[in-house]
Amino acid sequence: MTQDLSGAEMVIRALKDHGVRHIFGYPGGAVLPIYDALFQDDGIEHVLVRHEQGATHAAEGYARSTGKPGVVLVTSGPGATNAVTGLTDALMDSIPLVCITGQVPTHLIGNDAFQEADTVGITRPCTKHNWLVRDIKDLPRILHEAFYIATTGRPGPVVVDIPKDVQFKHGTYFGPSNIKHKTYQPRIKGDLRKIEQSVELIAQAKRPIFYTGGGIINSGLLGSQLLREFVRMTGFPITSTLMGLGAYPASDKQWLGMLGMHGTYEANMAMHDCDLMIAIGSRFDDRVTGRVDAFSPNSRKIHVDIDASSINKNVRVDVGIVGDAAHVLEDMIRLWKAKVLRPNGAALKSWWMQIDGWRARNCLAYKTAKDVIKPQQAIERLYELTRGRKTYISTEVGQHQMWAAQFYKFEEPHHWMTSGGLGTMGYGLPAAVGIQVAHPDALVVDIAGEASVQMTMQEISTAVQYDLPIKIFILNNRYMGMVRQWQQLLHGGRYSHSYSEALPDFVRLAEAYGAVGIRATTPGELDEKIKEMIDVKRPVLFDCVVDQHENCFPMIPSGAAHNEMILSDAAGEPQVSEAGKVLV
Amino acid sequence: MTEQPKSAYFLVDNKAAVISKTFAVLVDNEAGVLARVVGLFSGRGYNIESLTVAEVDHLDHTSRITIVTSGTSDVLEQIKHQLERLVPVHKVIDLTEETPGIQREMALVKVAGQGEKRVEAMRLSDVFRARVVDTTHSSFVFEITGNQQKIDAFVDLMRPLGLVEVSRTGVVAITRGAEAM
Ligand SMILES: Cc1ncc(C[n+]2csc(CCOP(=O)(O)OP(=O)(O)O)c2C)c(N)n1
Ligand SMILES: [Mg+2]
């Protein structure tokens with residue numbers, strides 16, 4: 001089916017053909033024709049943000065919580081440059097975004113025209129792919145390719161830069177059926193010989209561990225389902241990266257908690273001492289491996305990843321399988337059953353005994369106080385009071401983010417949205433906006449820090465405008481806590497510029513925005529205030545005033561290995577069986 | 001553990017051997033494709049020793065980029081995968097290992113001088129099978145083709161004989177035998 005449309009109409013039409021219901025954007029001169037087409041069409045809901053960075057993070061939250069691509073519409077020049085942080089964030093965390101940017105008319109490109117920026121040049125390194133559309137003839141194909149590339153293979157952000165004259169021009173529109181790309185063909189199925197080799201290694205393993213990541217989430221609900229099935233069939237312990245939380249239920253007894261720099265003692269010790277590591281959809285990031293030359297020194301490693309460049313990038317592996325996590329897991333399960341394989345029960349039993357010893361150190365223990373709320377306690381209470389409600393959690397970046405990952409127990413994928421790869425302060429509030437747009441009736445909470453939240457605070461106004469009852473739960477420690485912690489542990493306690501001076505009164509700020517402000521300062525009132533927050537059907541800024549000096553433990557310090565974690569004073573003593581292990 | 005600076009990063013000294021490698025990259029000839037390749041190298045800190053590019057199939061809109069790079073074997077493996085990840089890339093082959101190929105470069109070499117030096121330059125050009133493509137009473141422009149080492153050697157020999165300017169194409173390469181890449 002083809003049709004004569006203007007470039008601007010083609011954009012709206014293509015969005016609808018790709019099933020887009022919501023877009024996040026901000027108008028300006030170079031996208032006015034598209035805004036005009038949007039005005040005359042009622043199939044798509046546009047959410048007007050307050051800053052283009054907010055649009056990108058909202059689209060990320062939308063995408064991550066639905067599995068669908070997030071769509072952003074911004075103007076040329078400053079509109080496009082403001083979107084760069086969110087695009088980079090989406091690239092690092094493999095989030096599918098389609099960002100449409102306006103551009104000055106083709107005859108002005110290169111002229112330093114008003115609000116001209118080399119958008120494809122600027123966004124080339126922070127997108128999976130991008131296009132400048134110079135000819136209306138190419139527009140429908142490029143729009144369809146944009147969705148195809150953003151959502152398939154290793155997902156990521158794409159930018160389609162459309163000059164204003166191309167938006168006005170008319171051309172022939174055709175639909176997205178049979179999108180094929182000349183050069184881009186992602187590999188979905190893994191190499192069966194290697195999968196066979198893997199299941200045999202799995203059957204022989206004595207001290208195995210699954211180490212999974214965001215790739216499982218990206219492979220859809222089926223990915224998590226198959227992971228659960230296979231992990232239960234083997235009886236192996238499982239840990240995950242920050243990005244992979246929720247793929248495996250945190251309440252399950254095989255779950256060891258998150259690994260890495262602020263991961264649990266048991267997860268990191270098991271990674272260090274395992275004899276077989278099964279990495280699926282995780283990428284051996286430096287926050288996970290710590291010191292690479294001491295990383296899991298005695299294990300064989302299987303690595304499943306959809307991106308061939310992730311395999312052998314940081315850590316050399318024994319079996320590298322390029323493919324989609326769900327497809328590879330499906331083959332693994334099938335071969336495991338067909339070959340009637342069984343795990344090594346006796347070895348596994350003593351491995352679990354060793355793991356239980358590590359667990360007994362209770363590495364996340366912390367001391368509560370009578371008069372001051374501990375940040376960990378605040379998250380534990382938030383978890384207890386919201387569990388069973390299908391709550392969506394986003395975060396900012398800092399200590400509060402790590403405590404959220406440690407203390408909030410995720411049972412399902414797509415319910416945890418955080419900036420992992422880029423570590424973008426200011427991600428969580430706009431992400432919550434996007435999540436709430438996608439799930440209007442769900443409880444959406446941004447676990448925030450008082451410093452981070454000020455980076456994109458203005459998006460609370462978006463939430464008010466669209467009646468999005470997001471809850472911004474600020475762990476207010478009056479410090480850039482994570483920076484303060486590093487300065488304390490690594491820079492001799494010289495707290496250079498990490499104190500949050502001149503903080504706004506968050507309760508009155510909320511009120512000024514037309515949202516609801518709530519403050520809790522003592523452990524005694526915490527529960528009641530959290531309940532009040534949950535019950536309010538409006539956006540809330542919750543100022544949770546917490547202990548200023550709490551540090552986030554465990555922590556793998558300066559160039560250390562997994563078995564050299566620092567634990568909090570509250571954690572238990574090492575057990576006799578591990579007397580050999582030197583702990584700092 | 002060696003003493004590390006105060007950082008949560010693990011700082012490594014990579015002592016693995018650095019080797020040189022030639023990749024042939026077949027790309028869709030779309031706007032900005034060269035910028036993607038060059039940006040990949042600069043963004044990820046890879047070396048480019050030589051890079052050549054030209055359209056090789058007009059109807060099919062394909063261009064061929066030949067890149068000579070160097071790095072540890074891990075880095076070189078990454079470079080190949082990173083190139084393959086670029087959307088407009090059809091194919092990447094390693095011309096130094098998988099299928100040892102033929103490498104050629106052309107140079108135009110301008111030498112100015114008179115008397116004995118001029119005669120010696122002419123004599124050496126003959127040895128290297130360089131062609132004279134321009135001449136005046138006091139200068140020559142030589143055209144020379146060969147592998148990089150041959151051209152380096154020729155240029156070095158011309159230096160004391162009045163070398164004034166060199167223009168090189170960079171390396172192009174192709175596999176031996178009947179098969180296409
Ligand atoms: C945009 C950006 N700038 C700087 C940083 C570096 N950084 C990481 S955590 C942090 C402090 C965050 O403070 P806050 O939001 O109060 O969280 P807390 O650690 O106190 O929980 C900073 C500055 C960053 N991650 N992102
Ligand atoms: Mg703080």
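All chains are named by letter (A, B, ...) in the order of the sequence lines, taking the proteins before the strands, and each is independently numbered beginning at 1. Everything numeric here is computed off the predicted structure, so don't read it as measured data.
- Closest of all the heavy-atom pairs between B/Asp28 and A/Lys182 is OD1-NZ, 3.0 Å.
- Chain B forms the most heavy-atom pairs under 4.5 Å with one residue out of A/Lys313, A/Arg154, A/His181, A/Gln185, and that residue is A/Lys313.
- Contact annotation for B/Ala31: neither backbone nor side-chain heavy atoms come within less than 4.5 Å of a heavy atom of chain A.
- Contact of B/Val87 with chain A is made through backbone and side chain together, with heavy-atom distances under 4.5 Å.
- Taking chain B as the reference chain and counting heavy-atom pairs below 4.5 Å, the highest number among A/Asp307, A/Asn312, A/Leu132 is found for A/Asp307.
- In this structure, the side chains of A/His129 and B/Pro88 come closer than 4.5 Å at one or more pairs of heavy atoms.
- Contact annotation for A/Arg134: neither backbone nor side-chain heavy atoms come within less than 4.5 Å of a heavy atom of chain B.
- For A/Asn130, the parts lying near chain B are the backbone and the side chain together; criterion is any non-hydrogen pair under 4.5 Å.
- Counting non-hydrogen atoms of neighbouring residues, nucleotides and ligands closer than 6.0 angstrom, the NZ atom of B/Lys150 exceeds 12 such neighbours.
- Contact of B/Arg85 with chain A is made through the side chain alone, with heavy-atom distances under 4.5 Å.
- B/Gln78 and A/Ser309 make their closest contact through NE2-O, 2.6 Å (heavy atoms, listed as atom of the first residue, atom of the second, distance).
- The two residues A/Arg124 and B/Ala35 come nearest to each other via the heavy atoms NH1-CB, 3.1 Å.
- Heavy atoms of other residues, nucleotides or ligands lying less than 6.0 angstrom from CD of B/Gln149 number more than 12.
- For B/Glu77 and A/Arg316, the salt-bridge test passes: some basic side-chain N is under 4.0 Å from an acidic carboxylate O.
- Only the side chain of B/Glu30 comes within contact range of chain A, with heavy atoms under 4.5 Å apart.
- With chain A as partner, the option from B/Val27, B/Leu26, B/Asp74, B/Leu40 having the largest number of non-hydrogen pairs under 4.5 angstrom is B/Asp74.
- Using a 4.5 Å cut-off between heavy atoms, A/Ile311 touches chain B through its backbone atoms (N, CA, C, O) alone.
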